[in-house]
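On a predicted model such as this, the values are computed, not experimentally measured, just so you know. Note that these values count all heavy atoms, side chains included, but never hydrogens, waters or copies made by symmetry. Atoms within a ligand are numbered from 1 in the order they appear, just like the ligands themselves.
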Amino acid sequence: MSGFAIAVDGPASSGKGTVARLVARDLGFAYIDTGAMYRAVALFGDRAGLDLRDGPGLAAMIPGMRFAFTFNDGAFQISVNGEDISRTIRSQEVGQGASAVATLPEVRRALLDTQRGLATEQGVVMDGRDIGTVVLPQAQLKVYLDAEVSVRARRRYEELAGRGEEVRLAQVLAELQARDEQDSGRAHAPLSRAQDAVAIDSTDLTPEAIVRQVLRLALARGARRDP
Ligand code: DC
């Protein structure tokens, strides 16, 4: 990693994806959504008929997955082996599967190499749960985004309802709390704030206000817009 790296960590629906994407777009940096990579492993593992507790089996599948992240007409896309899976991976079901496979050390190890390989010379914004602590501990800027759980649940509910999924707010809140517990309580690379991360509470802030703050910090620390 020789370019400028920005690590954005935080719990589900904290707004980190939106913020990371906008910051990457503004700086002309690559954007890597590591949560989408765990989601892709859950999706492909399921399709391959693997048990989502089978760490070695899932890890063996990962070298055969070619990840590509692109911006298309302003929208972010992830594809694996040429297949655009951006929408498919956003369901609640795939999200639960992702949280489960993310507890497996073999899966984390296999994805770690891929993730580090994606942060090369170009500037990069990477978001997830363990970017500042494990994946890119040398990142020049680390941001930890959080918000009250009720606010995160409402955001998630609106996102799902907006896509036509039939969900109840109480159910979304319960699933979010279960996911928080699994992501923070697991033995390997749990969600936690790096000591040198800048903490931002997004409860009462718009994504644009957070983006401005992150851009100010990045530029002050020497980030340069990629032409
Ligand atoms: O951010 P997300 O909801 O798309 O992430 C899906 C799951 O993947 C989440 O439950 C935790 C896991 N994850 C992780 O363990 N480490 C990361 N760096 C990113 C996501």
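- Between the side chain of T34 and the backbone N or O of D127, at least one donor-acceptor pair lies under 3.5 Å.
- In the candidate list A102, G35, S14, G35 is nearest to atom 20 (C) of ligand 1, counting heavy atoms.
- Residue-ligand proximity: K16 is placed with a non-hydrogen atom under 4.0 Å from ligand 1.
- Heavy-atom contacts of D130 reach the following atoms of ligand 1: 16 (N), 17 (C), 18 (N) (cutoff under 4.0 Å).
- Judged by the shortest distance from any of its heavy atoms, R108 lies inside the 4.0 Å radius around the atoms of ligand 1.
- Using a cut-off of 4.0 Å between Lys/Arg side-chain N and Asp/Glu carboxylate O, E106 and R109 are scored as not salt-bridged.
- The closest non-hydrogen atom to atom 6 (C) of ligand 1, taken over R179, H188, R90, comes from R179.
- Given atom 4 (O) of ligand 1, the protein heavy atom at minimum distance is R39 NE, 2.7 Å.
- With hydrogens left out, the protein atom closest to atom 8 (O) of ligand 1 is Y38 CB, 3.6 Å, a heavy atom.
- Using modelled atom types, one finds no donor on one side chain facing an acceptor on the other under 3.5 Å when comparing R155 with S150.
- By the criterion of a heavy-atom distance under 4.0 Å, the side chain of R186, and not its backbone, is placed next to ligand 1.
- Atom 17 (C) of ligand 1 has as its closest protein heavy atom R129 N, 3.4 Å.
- Within the 4.0 Å heavy-atom shell around ligand 1 one does not find Q96.
- Between V19 and K16 there is no side-chain heavy-atom pair separated by less than 4.5 Å.
- Of the candidates D183, T34, L104, it is T34 that places a heavy atom closest to atom 19 (C) of ligand 1.
- Nearest heavy atoms, L176 versus A12: CD1-CB, 3.6 Å.
- The option from A98, G17, A12, P190 that lies nearest to atom 7 (C) of ligand 1, judged by heavy atoms, is A98.
- A salt bridge between R212 and E208 is absent, with no side-chain N of the basic residue lying under 4.0 Å from a carboxylate O of the acidic one.
- A donor-acceptor contact under 3.5 angstrom links the side chains of Q182 and S99, judged on distance only.
- Contact annotation: for S99 versus ligand 1, heavy atoms closer than 4.0 Å belong to both the backbone and the side chain.
- Using a cutoff of 4.0 Å between basic side-chain nitrogens and carboxylate oxygens, R47 and E83 are scored as salt-bridged.
- Donor-acceptor pairing under 3.5 Å is lacking for the side chains of R25 and Y31.
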